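Below is one structure, written out as structure tokens; the observations come after it.
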Amino acid sequence: VVATFNRGSDDTNVTVRARYVVGCDGARSRVRTAIGRRLSGDSANHAWGVMDVLARTDFPDVRLKTSIQTERGSILLIPREGGYLVRLYVDLGPVTSGNREEIRAMGAQEIVHIANKVLHPYTLEMRETIWCSVYEVAQRIADAFDDAVDRARQPHVFIAGDACHTHSAKAGQGMNVSMQDAFNLGWKLAAVLESRSDPQLLTSYDAERRPIAQELIDFDRDWSAMLSAPSLPSSPSAEGVVPDPVSEYFVRNGRYTAGVAARYTSSPLTGSGVHQHLAAGYPVGMRFHSAPVIRIADSKRVELGHAATADGRWRLYAFADESERRFRDLAEWILSAPASPIAMDRARGRDLDASIDVRGILQRPAHDVVLADLPGLLLPVVGVLGLVDYEKAFAADQQTGADIFDLRGVDREQGSLILVRPDQYVADVLPLDAFPQLTECFQVHFRMAEGIGRLAT
Ligand SMILES: Cc1cc2nc3c(=O)[nH]c(=O)nc-3n(C[C@H](O)[C@H](O)[C@H](O)COP(=O)(O)OP(=O)(O)OC[C@H]3O[C@@H](n4cnc5c(N)ncnc54)[C@H](O)[C@@H]3O)c2cc1C
């Protein structure tokens with residue numbers, strides 16, 4: 001890519017020569033404009049006064065996250081860290097050609113004045129404004145997140161974050177989703193640049209992230225409308241509880257706002273879920289859901305999901321069957337079969353776990369397991385010093401009652417194999433003896449000429 005961008009701040013042009021370019025340059029992205037992508041969505045902006053203040057108030061819920069909805073306007077109040085600071089989002093309404101200048105000129109005093117009208121009969125007396133800004137935003141999404149969609153060629157320029165999607169700040173999701181865009185793209189770019197995967201992999205960035213951004217915009221539209229609407233008195237239920245649609249909506253969408261509800265649909269990167277019943281608690285296409293386990297080598301209770309770092313490797317979590325027969329056969333096959341996905345690394349003289357990190361989880365208590373009896377795959381010799389990695393094998397925690405097989409619905413009789421992508425999303429759930437599917441799956445992911453595609457045949 002040879003691209004020239006106007007830097008904007010000092011009106012100088014910058015020429016970038018690179019194999020790939022990622023524009024993380026915010027809502028007014030020049031990279032987006034340069035590749036001819038457009039935002040579509042709301043035609044008008046909505047304005048918000050946002051301020052972090054130190055204030056005296058008789059409003060009783062000042063230390064609670066509060067949505068205040070009245071016919072005089074609405075406020076979202078968020079207590080900040082430290083015990084005194086308060087963030088206020090004050091709704092300033094739609095921006096029109098008639099009020100644009102007035103809204104843009106608003107300062108802290110005017111915003112607090114509006115806040116006081118909304119808070120009436122309570123009052124807020126500002127002692128110090130730490131930060132204040134008026135921002136205008138609309139729910140918009142780019143027509144594509146790269147320069148290739150609809151152009152029948154491989155993508156080379158990508159946009160991520162606010163450059164692709166804009167929405168209100170009230171769902172608290174903009175940064176979260178933006179970082180997940182970059183995480184989704186990052187491991188794919190690394191795999192392509194290190195020749196582990198075909199550049200075709202990069203087309204999955206737009207395919208996976210644009211629907212997620214659309215979900216965010218839809219969520220934000222509903223959530224903003226709820227927060228801006230004056231709250232109407234509701235009748236108590238039979239139990240005497242007054243229903244609060246805002247709280248209910250927030251609780252209902254708790255997993256979404258925690259960033260763990262995204263689900264990628266079936267694609268070359270995400271399996272069909274035909275064996276989902278073997279591990280119902282690891283939905284295919286969703287984030288790998290951690291649970292506590294006992295690390296066998298040191299009997300320490302750890303979170304299985306936290307044992308993995310964001311290092312670009314794929315992961316196979318092998319949950320042992322009751323007899324451990326299938327589990328041992330799988331370990332032997334992965335270690336020795338020419339069609340095994342780690343054959344690629346072995347053929348190159350790299351560590352067994354250089355591209356694919358295999359972890360084993362047994363049903364037996366950790367103290368019943370003799371370390372030396374574990375399959376060699378789970379005690380690999382790695383690194384320049386040829387040391388043994390003792391941290392690949394785990395056992396279910398049977399002491400505290402938080403047994404991972406129960407928590408995640410793993411089939412005890414048959415066990416299960418969970419394939420996890422480098423960005424921690426479950427690519428598929430397979431039986432422990434699904435050797436051909438395992439080969440095929442990794443042929444798709446690592447399909448460079450020197451990859452396992454050739455070794456397997
Ligand atoms: C008031 C407010 C509160 C928010 N609260 C939350 C929250 O609680 N949780 C949450 O998840 N999100 C929140 N967000 C949203 C979040 O801030 C954004 O979604 C996030 O910052 C987007 O990150 P980004 O890197 O895509 O863009 P930005 O953060 O906008 O970064 C873009 C960068 O590119 C630089 N840049 C732009 N053009 C050029 C150029 N031509 N040359 C060189 N550099 C350039 C900019 O200077 C900037 O540093 C909030 C937003 C606002 C406005």
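In what follows, every heavy atom counts, from backbone to side chain, and hydrogens, waters and symmetry copies are set aside. Just so we're clear, the structure is a prediction, and the values are computed from it rather than from any experiment. Counting starts at 1 for both ligands and their atoms, in listed order.
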When only distance counts, is [X] in polar contact with ligand 1, meaning an N/O pair under 3.5 Å?
X    : value
D162 : yes
Y135 : no
V50  : no

### Task
Answer yes if the ring centres of Y282 and F288 are under 6.0 angstrom apart, and no otherwise.
yes
#### Entry: NZ/NE/NH1/NH2 to OD/OE distance under 4.0 Å, D353 and R313
yes
Suppose I only count heavy atoms of [X] and a 4.0 Å limit; which atoms of ligand 1 are within that range?
X    : answer
R30  : 41 (N)
C24  : 32 (C), 33 (C), 34 (O)
N176 : 11 (O)
G161 : 26 (O)

### Task
For W48 and ligand 1, answer yes if some heavy atom of the residue is under 4.0 Å from a ligand atom, otherwise no.
no
### Task
Evaluate whether atom CZ of R38 has more than 12 neighbouring non-hydrogen atoms of other residues, nucleotides or ligands under 6.0 angstrom away.
no
### Message
According to salt bridge (Lys or Arg N to Asp or Glu O under 4.0 Å), who are the partners of R63, at least two apart in sequence or on a separate chain?
### Response
none
### Partner residues of D423 under the salt bridge (Lys or Arg N to Asp or Glu O under 4.0 Å) criterion, sequence neighbours left out
R421
### Task
Kindly determine whether K188 and E208 satisfy salt bridge (Lys or Arg N to Asp or Glu O under 4.0 Å), including the steps that lead there.
CA-CA 12 Å; K188 294 172 182 172; E208 291 192 332; 2.9 Å; yes
### Task
Could you tell me whether the side chain of V86 reaches within less than 4.5 Å of the side chain of D52, counting heavy atoms only?
no
## Note on the structure
Quick look: Q173 vs ligand 1, heavy-atom contacts under 4.0 Å, and the answer is backbone
